[in-house]
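Read through the structure below, which is laid out as C-alpha cells, and then see the notes.
All values derive from a computational prediction rather than experimental measurement. Per chain, numbering begins at 1; letters A, B, ... match sequence-line order.
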Number of protein chains: 2
Amino acid sequence: MRRALTTYARRGLHGQTVEVIARRILAGEIAPGATLDITALQAELDVSLTALREALKVLAAKGIVDARQKRGTFVRPRADWNLLDGDVIRWQFAEGADPRLLDKLHEVRSIIEPAAVRLAAGRATDDDLAALDGALDEMAAAKGRPAAAVAADLSFHRALLAATHNELLERMEVVMETGLAERDRLVHGGEPHDDPVPSHRAVVDAIRARDATAAETAMRGLLEKAVRDVEKVRGQKGNR
Amino acid sequence: MRRALTTYARRGLHGQTVEVIARRILAGEIAPGATLDITALQAELDVSLTALREALKVLAAKGIVDARQKRGTFVRPRADWNLLDGDVIRWQFAEGADPRLLDKLHEVRSIIEPAAVRLAAGRATDDDLAALDGALDEMAAAKGRPAAAVAADLSFHRALLAATHNELLERMEVVMETGLAERDRLVHGGEPHDDPVPSHRAVVDAIRARDATAAETAMRGLLEKAVRDVEKVRGQKGNR
DNA sequence: CTGTCAAGATGTATTACTAATTAATGATTA
DNA sequence: TAATCATTAATTAGTAATACATCTTGACAG
C-alpha cells in the first residue's frame, strides 16, 4: 500500500532543482507575475540550461510558471496553480506556510469524506472491507508510535476513498494525505491520545451494515474530533 | 474571466508532442506498465531527444510516466495518475473515452457543489454576488447559441466555487469544467432547452439571502436536472 | 488613428557527447 | 551450496554550443 511520494521524477544528480525553485515560489520568495532570471538561476543552482528547462517544464505542467517568448519565464497567478496536485500541496508546507491552509484542507476533507462514506456504504466490496479492517488493525498495533499511527490513519482514509469506487474521489487522497500528516504532526506532543480505533471502527461497522446514514454520522464525529484536537493545540500555543 | 486551456506550455514548433503521447496513453493504446520506446517515438514524431524528454517530463509531473535508469521510461499504473489535473481529464475525452467518466465527474460535482453553495451562502461578498449575477446575464444573453451557453454555464459554476473563498474548492473547477462541457456537448442536439436562468437564479437568490439550506436545495435541483438531461439523450441513443 | 512590417530579444529545438545509475550477470568466498 | 561482491551493459540524466522560430515592440505608411 506504499507509494511514491512525488509524481515528478526526482532522481539523478540535480533532482532537487525542481524542489528548490518550487519552494521559493510557493513560499512567496518569488512572487506571482515576477519573471525568473534563467541565467542567474542556472549559475546559482549550477545546472545546465537543459536541466533547468526540464525543471521548469515540471512547474509549467503544474500551472506554476509559464514561458513566453520575448517576455521570459514568469510565475503564474496563484489562481492558476494546480493546488490539487500532491506536490504543490506538500511544497506549500515547507516553511513559512500559511496556517490557514490546514483549515482549507480540512474543509475539503469534511466535504468529501462524509459523502465518501455514504457511497462506500453502498458499494464497498469484501476486499474494501478487508482493507478497512486491515487499517484498523494497523491502527491498533501503532499504539504509542506516532509515525506508525499517522501511517495507519492514512491507510484508513485511503481505503475509505477506494471503497467509493470512484477514481476521482480516490485521488482526493492527495488532499487528505498532507492534511492528515500535518495535523498529526501538529497534534502530537500534546497529551496522550484516546484510542482512535473505536471511533474509526464505528465507521467501518456502519459501512459493513450498509447503513449510509450511520456511516456519515460516525464520519462527522471523526471530523469534529479532528477539529477539536487542532484547536486544543492551537490554544496551548498562544491562541493564534 | 477567460483563462488558458492548458497548464503545460504548448507553444513552439513541436508543442503537440506531449498531447500525442498523452492521448495514446490515456486512450489505452500504450498500457500501464509498458515501457516506451524512446528511439521509436523520436523517429515517429520527428523530434529531437531533448524535446521528447521535456514532453515526458510533463507527463512525469502529472504522474503518468516514470523514468528509471536501466529500466526505461514506463507508464505508471492508472492509480498514480493525477486525475484531478485539468489536462489529464481533458485528454481522457479524446476518442474512445469511457462514458462512465462523465458519471464519475458528475458524482464529484454533486458532492462538491451542494457543499460549496452552503459555504457561499455564508461567505459570498458583494463582488462574488456581482460575478454570479454577471454569469446569469451571460446565460440569458446566450439563448440560442450553444457555445455561449456552455461558456455562461462555466462562468456560473466558477463564480460559485470562488464564492466559497477556499482556493482548493475553487480549483475543483477543473473537474467541473470538462464535465460540464462534455455534458453540454452531449445534450445539445436534443430538443431545445428550457430557459436555464430561473433555476440558476434561485441559487443566487438563496445565497444573497444567506439561506444555506435553500441554496443547497436549489443546487440539488440543478444537479438532478443535469442527470435527467443526460439520461434522456442516452435513452435516445439506444439505451447504452 | 489604424494596420503592416521589420528588428531584435528570448524561448525552443537540435546535435553530439559524457556522466550517473542500477538490473543483471558472473566470479569469489564462506 | 549459498551468499556476497565486483563487473558489465543498458538506459536515463546532464552538458554545451549552436541554430531556429516566434512574439513583442515600435517605426512607418496609409
Among residues two or more places apart or on two chains, list those pairs meeting salt bridge (Lys or Arg N to Asp or Glu O under 4.0 Å) that have a residue in residues 32-45 of chain A.
A:Arg24-A:Glu44
List in chain and number order the residues that pass side-chain contact (heavy atoms from CB on, under 4.5 Å) with B:Ala163, two or more places apart in sequence or in another chain; answer none if no residue qualifies.
B:Ala120, B:Ala124, B:Asp128
Here the gap from B:Leu160 atom CG to B:Met219 atom CE, rounded to the nearest 0.5 Å, amounts to 6.0 Å
With sequence neighbours left out, the residues meeting side-chain hydrogen bond (donor to acceptor under 3.5 Å, both in side chains) with A:Thr35 are none
Residue set satisfying side-chain hydrogen bond (donor to acceptor under 3.5 Å, both in side chains) with B:Lys62, at least two apart, ordered chain then number -> B:Thr7, B:Asp85, B:Asp87
Find the distance B:Gln16:CD to C:dT12:P and express it as a whole number of Å.
16 Å
If the helix axis at each end comes from five base pairs, how far does the helix from C:dC1-D:dG30 to C:dA30-D:dT1 deviate from straight, to 10°?
20°
With sequence neighbours left out, the residues meeting salt bridge (charged side-chain N to carboxylate O under 4.0 Å, His left out) with B:Arg11 are A:Asp66
Dump every N/O contact between nucleotides 7-10 of chain C and the protein below 3.5 Å, one line per pair.
from  : atom 1 : to      : atom 2 : distance (Å)
C:dA9 : O4'    : A:Lys70 : NZ     : 3.4

Distance, rounded to the nearest Å, where B:Phe74 contributes CZ and C:dA23 contributes P
11 Å
Go through the structure and list residues passing salt bridge (charged side-chain N to carboxylate O under 4.0 Å, His left out) with B:Lys143, not counting sequence neighbours.
B:Asp195
List in chain and number order the residues that pass side-chain hydrogen bond (donor to acceptor under 3.5 Å, both in side chains) with B:Glu107, two or more places apart in sequence or in another chain; answer none if no residue qualifies.
A:Arg123, A:Asn166
Between P of C:dT12 and NZ of B:Lys57, the distance in whole Å:
16 Å
Compare side-chain N and O positions of B:His14 against OP1 and OP2 of C:dT14 and report whether any pair is under 4.0 Å apart.
yes
side-chain contact (heavy atoms from CB on, under 4.5 Å) filter on B:Asp133, not counting sequence neighbours, yields B:Leu136, B:Val204, B:Arg208
Sequence neighbours excluded, which residues qualify as side-chain hydrogen bond (donor to acceptor under 3.5 Å, both in side chains) partners of B:Asp137?
none
With a 4.0 Å heavy-atom cut-off, tell me which residues in residues 43-55 of chain A come close to DNA chain C, sorted by residue number.
A:Arg53
